[in-house]
There are 2 protein chains.
Amino acid sequence: MLMPTTVSAITSQSTRVACASCALQTHCFTQRLDTEVLDVIEKSISTRRVARGTYAYRLCEPFNALYFIHQGFFKNVVLNEDGQEFITGFPMPGDVLGLDGCADGYYRSQSIALQDSTLCEISFETLNDLSFNYPPMQQILHRIMSREISRNQKSMLMLGNLPAEERLLAFLQELSQQFAMRGMSTNDFDLPMSRDDIAGYLGLKMETVSRAFTKLHTVGLIHVHRRRVRIDAVSTA
Amino acid sequence: MLMPTTVSAITSQSTRVACASCALQTHCFTQRLDTEVLDVIEKSISTRRVARGTYAYRLCEPFNALYFIHQGFFKNVVLNEDGQEFITGFPMPGDVLGLDGCADGYYRSQSIALQDSTLCEISFETLNDLSFNYPPMQQILHRIMSREISRNQKSMLMLGNLPAEERLLAFLQELSQQFAMRGMSTNDFDLPMSRDDIAGYLGLKMETVSRAFTKLHTVGLIHVHRRRVRIDAVSTA
DNA sequence: CGCGAAGTTGATTACTATCAATCTGAGTGG
DNA sequence: CCACTCAGATTGATAGTAATCAACTTCGCG
């Protein structure tokens with residue numbers, strides 16, 4: 001029987017386990033987790049609510065857990081010396097937060113909730129135990145991290161080569177694909193992030209993003225009103 | 001006794017082991033590897049030469065090993081649908097090649113030698129065995145991958161925000177730092193890559209890179225002649 | 001010496017950032 | 001219910017930066 005995924009229900013054990021296993025399987029759909037492993041996860045996982053505008057984790061905080069997103073959207077931010085912020089991604093349900101903290105034991109970026117959200121927290125210690133007792137788990141973790149690496153590389157490609165309008169369209173199509181993987185509406189959706197956030201992600205300025213939206217709308221590739229977007233273009237990817 | 005690291009010497013076991021352990025320790029300098037682990041590595045590692053201009057691994061090839069660079073420089077390339085290439089990094093001795101292949105079992109990028117180079121190859125199978133029998137190993141791998149993630153994020157920040165000249169200077173300083181970590185000359189060195197490669201990495205065109213070099217030279221921040229570079233600027237990072 | 005690849009320089013065009021004004025819609029309180 | 005407010009978004013004019021196209025230079029090499 002499916003549990004409703006309302007906020008009040010997320011504290012129940014079954015949903016908590018469902019969240020973590022679902023998250024892991026989102027990334028590694030070729031594998032199914034043993035019930036034995038699910039038991040371990042069940043004992044060690046904890047949920048956490050993150051209000052809109054607050055942090056899942058902050059820069060320089062000690063790293064001691066990974067977070068699987070249950071509900072809501074986030075933005076990952078890195079800061080340069082001047083305090084100027086640059087957005088490296090918009091993780092969504094099923095994604096993992098905090099992978100970059102693994103390297104040196106503290107976070108090199110921070111993650112902010114774009115909506116009221118809920119996370120499933122698995123301590124790094126638990127993950128190590130899991131990997132030790134259940135070898136496939138380490139492969140799963142490697143895959144998750146590897147996927148993050150190739151996703152970032154793809155973003156870099158987009159940033160470096162495409163003009164503003166194509167860059168925005170590519171972004172919208174990428175978003176649409178991610179929605180599709182999660183069974184959400186793919187061609188007609190609300191953007192969870194502001195124009196400024198999109199600009200920060202695409203390496204553009206807010207005004208340029210706004211103009212690009214208008215242009216794509218005008219030529220008929222998309223329909224857009226504020227944060228509501230409908231994609232009419234056929235994906236070229 | 002130190003073995004000379006000439007090309008003719010790399011086939012000896014001791015040097016081969018030294019290469020892998022050194023590479024691992026470059027990434028995880030807080031940890032020292034057990035002699036027991038070194039034995040396992042010694043048995044399973046193999047060396048491979050890669051001539052200038054040839055591939056360490058190619059796009060879409062099946063993933064079955066990681067490569068530690070022993071000698072030489074490489075460029076990592078991702079291609080978009082149009083076949084346009086974009087360079088995501090310039091790995092050097094001690095760095096690991098092929099991390100992105102882990103996700104789906106085949107490479108999503110390719111790596112080309114900029115000089116005649118030598119690699120140490122460890123099969124993924126061996127790595128899994130190692131992780132299983134020697135738990136700290138998996139933490140080491142996580143760190144290596146995590147480091148790759150945060151390095152890519154840093155690159156994205158640079159790409160998105162800085163004007164051409166600052167971008168080039170930041171690139172040179174990053175390169176200098178990496179040389180420093182390897183005990184190589186930090187302020188006076190030969191670039192292993194062409195102007196076009198730098199342009200591909202920085203998201204610029206070759207001509208723009210060339211102009212930026214000239215400008216930095218003119219204002220006295222660096223001295224440059226062809227691929228020879230001397231950095232006179234004090235790093236701001 | 002001549003050739004070709006890599007690099008430099010110049011003139012022009014195209015694009016994005018910047019600065020500034022305006023618009024829109026959600027939330028607030030009278 | 002309506003005016004008020006304010007953050008987010010849009011639009012316009014202009015300046016600044018990088019891309020493009022093209023000519024030329026430098027250097028290594030047979």
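Sequence lines set the chain letters: A, B, ... in the order given, protein chains first and strands last, and positions in each chain run from 1.
- Following rounding to the nearest Å, Met193(A) (CE) and dG8(D) (P) show an atom-to-atom distance of 15 Å.
- Distance Arg195(A) CZ to dT11(D) P: 10 Å, rounded to the nearest Å.
- Between the side chain of Ser176(A) and the backbone N or O of Asn187(A) there is no donor-acceptor pair closer than 3.5 Å.
- A sub-4.0 Å separation between OP1 or OP2 of dT11(D) and a side-chain N or O of Thr214(A) is present.
- Atom pair Phe213(A):CZ and dG8(D):P shows a separation of 16 Å (rounding to whole Å applied).
- For Arg211(A), the listed nucleotide lying nearest its side chain is dA13(D); candidates were dG8(D), dA13(D), dA19(D).
- With rounding to whole Å, Arg228(A) atom CZ is found 13 Å from dA26(C) atom P.
- Under the 3.5 Å distance criterion, the side-chain polar atoms of Arg227(A) are left unmatched by any main-chain donor or acceptor of Arg195(A).
- Distance, Met206(B) CE to dC21(D) P: 13 Å, rounded to whole Å.
- Listed nucleotides dG7(C), dA18(D), dT16(C) differ in distance to Pro163(A); the shortest reach to its side chain belongs to dT16(C).
- At distances below 3.5 Å, at least one donor-acceptor pair connects side-chain atoms of Asp100(A) with backbone N or O atoms of Arg108(A).
- Between the NZ atom of Lys205(A) and the P atom of dA9(D) there is a distance of 16 Å, given to the nearest Å.
- For Ser194(B), no side-chain nitrogen or oxygen approaches OP1 or OP2 of dA6(C) to under 4.0 Å.
- For dA9(D), one of the phosphate oxygens OP1 or OP2 lies less than 4.0 angstrom from a side-chain nitrogen or oxygen of Arg227(A).
- Residue Arg226(A) places none of its side-chain N or O atoms closer than 4.0 Å to OP1 or OP2 of dG25(C).
- Note on His225(A): a side-chain N or O is less than 4.0 Å away from OP1 or OP2 of dG25(C).
- Atom C1' of nucleotide dT20(D) and atom CG of Asp196(B) are separated by 14 Å, given to the nearest angstrom.
- With rounding to whole Å, Leu191(A) atom CG is found 13 Å from dG8(D) atom C1'.
- Atom CZ of Arg228(B) sits in a crowded spot, with more than 12 heavy atoms from other residues, nucleotides or ligands closer than 6.0 Å.
- Out of dT20(D), dG25(C), dT26(D), the shortest distance to the side chain of Glu207(B) is found at dT20(D).
- In this structure, of dA9(D), dT9(C), dA18(D), it is dT9(C) that holds the atom nearest to the side chain of Ser210(B).
- Side-chain rings of Phe171(B) and Tyr201(B) approach one another, their centers coming within less than 6.0 Å.
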